[in-house]
Amino acid sequence: MSDEILDEITASEYKYGFTSDIESDKVPPGLNEDVIRLISSKKNEPEWMLEWRLDAFRTWSEMIEPDWPNVTYNKPNFQAISYYSAPKQTKTLDSLEEVDPELLKTFEKLGISIDEQKRLTGVAMDVVVDSVSVATSFKETLAEKGIIFCSMSEAIQEHPELVRKHLGTVVPKRDNFYAALNSAVFTDGSFCYIPKGVHCPMELSTYFRINEAGTGQFERTLLVADKGSYVSYLEGCTAPSRDENQLHAAVVELVAMEGAEIKYSTVQNWFPGDAEGKGGVFNFVTKRGICERNSKISWTQVETGSAVTWKYPSCILKGDNSVGEFYSVAVTNKFQQADTGTKMIHLGKNTKSTIISKGISAGKSHNSYRGLVRVGPRAENARNFSQCDSLLMGNQCGAHTFPYIEAQNPSAQIEHEATTSKIGEDQIFYCNQRGIGTEEAIALIVNGYCKEVLNQLPMEFAVEAQKLLEVSLEGSVG
Amino acid sequence: MTDLAQDLLSSFVIAEAGLNGSKNLGVVNMRKEALDRFETAGFPTTRDEEWKYTNLKPVLKHDYKIMLKSESAVSFGDIKQYLLSNLDTYKLVFINGKYSSWLSESTHQSYDICTFAAALNKYPDVIAKYLGKAAPAGETFVDLNTAFADDGAYIRVKANQTVDKPIEILYITTDENGTSFSQNRNLIIVEQNAEVQVLERHQNLGTAESFTNFVSEVFAAPDARLNYYKVQNDSDKASLVDNTHVNQETGSLVHVGTYSFGGKLVRNNLNFYSGGEHAESHMDGITIIGDGQTVDHHTLVDHQEPHCYSRELYKGIYLGNSHGVFNGKVLVRQKAQKTNAFQQNDNILLSDKAKVDTKPQLEIFADDVRCSHGCTVGQLDKNALFYLRSRGIPKFEAQGLMTYAFASDALEYIKIPQLQKRLNGVIAEKLGINLEFAL
Amino acid sequence: MIRINDLQARVEEKEILSGINLEINPGEVHAIMGPNGSGKSTLSSVIAGREDYEVTGGTIDFEGEDLLNLDPEERAHKGIFLSFQYPVEIPGVTVSNFIKTAINESRKGRGEEPMEAREMLAKMREKTALLEMDKSYLSRSLNEGFSGGEKKRNEIFQMAMLEPKLAILDETDSGLDIDALRIVANGVNKLRSEDNAVLVITHYQRLLDYIEPDFVHVLYNGKIVKSGDKNLALELEAKGYDWIKEENV
């Protein structure tokens, strides 16, 4: 392929890079115990929640930022970040009509207008702009089944017993540097509870957006699936273009009780930085689920955004016969860096895990898979299969694979395979000859390469993910 | 800083005075700089990513003697069993780190097969050209060795020469010094289109604990060929950190086979630097260990030039409460297009208490390459086991046969039949089976 | 339909084609034969537009248009189809998805509307039946794990779907057993019409028993050294290529 095509297309700017003007109620930058007290009081939180945050803050103060991921970046200045910002509103909204029209316009530009989503897909939405929920829907339908799906702030007020019981049980406050920070300062997020035996009738979905310059985004998601229940949860994000780096350090906790099944899908498309690698979101996320007996957690992610990604959705397979799955497509282009993968911790007997990871590196980016499969001494008959493939486009990018396998039980069966390949000129010529242009040919080949992962996504999400892949990789073959 | 590190630092002044090469200013400075780096870094701990799975603490805690004395009472009869029988070889034997001329057979005819100590004095130009050029400064154990090592094997095969018989290098430790810490160093230079086969072994004959920090630097010139076999079947008192660094030029072929059955803690740092087109790098090994043993294979293949090939195959069988570690990295630099790299690590745990940690890694910076790696942890195939038993082979033997079959493809590259036979014997003994008919 | 005039091409400094002249009219079947290394596959690649080959002289005129200025996919949109000697594997992309994309991209290239799903499906069914292919073919990854015969049959299936004006069959007979050869040739014959043309490139006469050519050309050292009717192929088979070589020393 000629360099011209490459230049031409790598120059195509982030399509969702625009800013919307919404007035914000913002805490001045900096972090100390007073700021945490302020956040807690602004959110009208009970005493136990404040204590929990303060404890996390003290833990965090003694921790150091990790440097083991295979990424380099300027470390954020935690005292320059504003830890709370809420769209200015005096009363809670009852319907979409009351939402700031500016915000609705933003969603329209993104092609995810709430009305349309509601009408066409039957998806219940909990929209998060910056840190506070401004609209939730379909609550009544869900309420009939006893399903709770609301913002974390609301859950703290309305369902304190559930939050207290589960918050921090999967990702403890001191788990890691960013989880501790999140525990101290999280402003909002989603809470979901599926009662015993209930099959959630619709895909639950949250659209995140980072929207305020200089605002760190600290989401907290807690999803509890009680015995024998089922839920499919979708998470997707786009962010406006910014000059300065934006930090995102979310925590997601999943609890799958006996016989429950959770399917958690993510399409992530945050601003990756411009053609010179400037700007872009730092995405340092802790996602983890715990599986009780006979339960199953399945993570699917399509990652195309962020300047720096550091993310390992994991499963603790605690109960016997529990199942963990991880399906991932991670695309890096321009100067993006991603260090992502999963951890499968086998503790129970007859536990099974599957890891399918497809990395695509283009431009001057670096894409690392980092995964851990651990089989504990009591995990009889544990099974794991991992397949980690890398596709390189152009000769200035890197693809790296760092699997860790730790087996302490002789009945464990673990298989790990990895390959590295490129899109062949002969493949492209073959497509050309059949009338398919080079851009379409690449999209076709990449979608074929990622198929095993895309197949795991719910239909409407899969379509969006395919579009994202195409946009992210336009013209990257050299 | 550990007590041992302190002891080493304070011993250096005394050691340096007695070291060979002291007249060679370059070497003197190299030693001092290496010691300074060691002083800053100290011994690695499990917090160090490269040592995550192997804890040195238990073996570094002993009160080792650093300045060792040789022992004259060792006879050929004492060491005979550690050499290949029925095979004529050159022999370089070291007792407590010092060369033993009466047990050795060296040569200066068409090639130099002698000692590192002699080379430091006799060949300053060669030393200046090669010493420290393959083993990188900054690796703690390499630095420590550079500071102290004063003897070892020196092999230089001149262009177009094929060494007529294999070279056996044997490092013996006795109880003469009590618990001892030894540091020797090999320098192996294979010039253009030359060929040689080298066997190496460390053996503690005594009952006291020993720790060996060993460095081997290998240089393979264009089209050179080297087979380097490391047989590790030491006593349960002996620990070893082996650092082997191989520099390869265009068209050279180097095979390093590591066969680990013994020792208390064995760490093999094996690094290949593939610095010429069409170079071939082969590394393979078998590990069969039991109670109280740890073997850690830590490999790197650094592909720097296009059109190179590397093949890596390690098989591990773990009994008792043994611990196996594999950490293999394949690095393909941007320039190294058309690299073909293969890496495989397969493990079987035969006991409830055994564990294995494996980390095969790929770091790829070139797009037109064929790289694959894989690793497995598993058991013997139950159906095959049943098949053998239904043909009248008792369970224990059937297991042994299948285990042998699992491991044996890592022996295929051995070019010395006597060595292959010897290793088969060791494997049979380890697995408690009779392999006569299987050979 | 296509007029090749004094075509010269080279790859990496080495001249492969040194002045090819060839004219093919609608409804005709031409065969190009020649020993290994004579430039047969280069000719097909140059017509299809592979970038590895540098055209150093001459012209290719296709229905009044200069072909050499067009990208490979534009040539495909104009109706040129190359059946590859070694069809390429594309993991994860199904045969049906691939052919759907190819047809609709070609239509788009010609300013036409995409084909309706119902029509597409009916056509796929018809053409798989023509080539005696099982329907499960359609949901397999393109050429991945296909046997040599399956790959060739898949090429002709795509040709049937795309309905090109000029089909170039590059060594389509290699690797085919006699039954597969008969099916493939039968497929090609069914697709022949007054409006399209076929260029068969082959080393052996065998395929020409099934796809009867109107003209046979012998390619040697990058030039057409002999032309005739189908009897030339038989003569060539009987005498061997040494006959040509001796005549052209």
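Chain naming here is simple, since letters A, B, ... match the order of the sequence lines and numbering starts at 1 in each.
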* Asked: Among C:Ile90, C:Asn97, C:Leu142, whose side-chain contact (heavy atoms from CB on, under 4.5 Å) with A:Leu444 holds?
  -> C:Asn97
* Asked: CD of C:Glu73 to OG1 of A:Thr438: how many Å apart, nearest 0.5 Å?
  -> 5.0 Å
* Just wondering, are more than 12 heavy atoms of other shown residues or ligands nearer than 6.0 Å to NZ in C:Lys100? -> no
* Worked verdict on C:Tyr86 versus A:Tyr430 for side-chain contact (heavy atoms from CB on, under 4.5 Å) -> CA-CA 10 Å; C:Tyr86 303 109; A:Tyr430 187 84; over 6 Å; no
* Should we count CD of C:Glu12 as having more than 12 external heavy atoms under 6.0 Å? -> no
* Give a yes or no on this: more than 12 heavy atoms of other residues, nucleotides or ligands lie within 6.0 Å of atom CZ of C:Arg3. => no
* Verify, without hydrogens or angle tests, whether A:Gln433 (side chain) and C:Leu82 (backbone) share a donor-acceptor contact under 3.5 angstrom. => yes
* Structure fact -> If one checks every heavy atom of C:Glu89 against chain A at 4.5 Å, the contacting part turns out to be backbone
* To do: Determine the minimum heavy-atom distance between C:Ala76 and A:Gly435, stating which atoms define it.
  => CB-N, 3.3 Å
* Let me know if A:Gln427 has heavy atoms under 4.5 Å from chain C in its side chain, its backbone, both or neither. => both
* Asked: Taking it one step at a time, do C:Ser45 and A:Phe429 satisfy side-chain contact (heavy atoms from CB on, under 4.5 Å)?
  -> CA-CA 10 Å; C:Ser45 293; A:Phe429 179 68; 5.5 Å; no
* Asked: NZ of A:Lys352: more than 12 outside heavy atoms within 6.0 angstrom?
  -> no
* To do: Count the heavy atoms belonging to other residues, nucleotides or ligands that lie under 6.0 Å from NZ of C:Lys123, then report whether that count exceeds 12.
  => yes
* Structure fact -> To the nearest 0.5 Å, atom CZ of C:Arg50 lies from atom CG of A:Asp426 at 7.0 Å
* To do: Among C:Lys78, C:Arg75, C:Glu74, C:Glu105, single out the residue with the greatest number of heavy-atom pairs under 4.5 Å to chain A.
  => C:Glu105
* Salt-bridged, C:Glu155 to A:Arg434, with N to O below 4.0 Å? -> yes
* Asked: Counting heavy atoms not belonging to C:Lys108, are there more than 12 under 6.0 Å from its NZ?
  -> no
* Return yes when atom NZ of A:Lys343 has more than 12 non-hydrogen atoms of other residues, nucleotides or ligands closer than 6.0 Å, and no otherwise. => no
* Largest heavy-atom contact set with chain A, pairs under 4.5 Å, which of C:Gly92, C:Ser106, C:Ser141, C:Pro91 -> C:Gly92
* Asked: At a heavy-atom separation under 4.5 Å, does A:Tyr449 approach chain C through its side chain, its backbone, both, or neither?
  -> backbone
* What part of A:Asn447 is in contact with chain C, defined as an atom under 4.5 angstrom from a non-hydrogen atom: side chain, backbone, both or neither? -> neither
* Structure fact -> The interface call for C:Pro164 against chain A, heavy-atom contacts under 4.5 Å, is neither
* Asked: Out of curiosity, C:Glu51 CD to A:Asn432 CG, how far, rounded to the nearest 0.5 Å?
  -> 7.5 Å
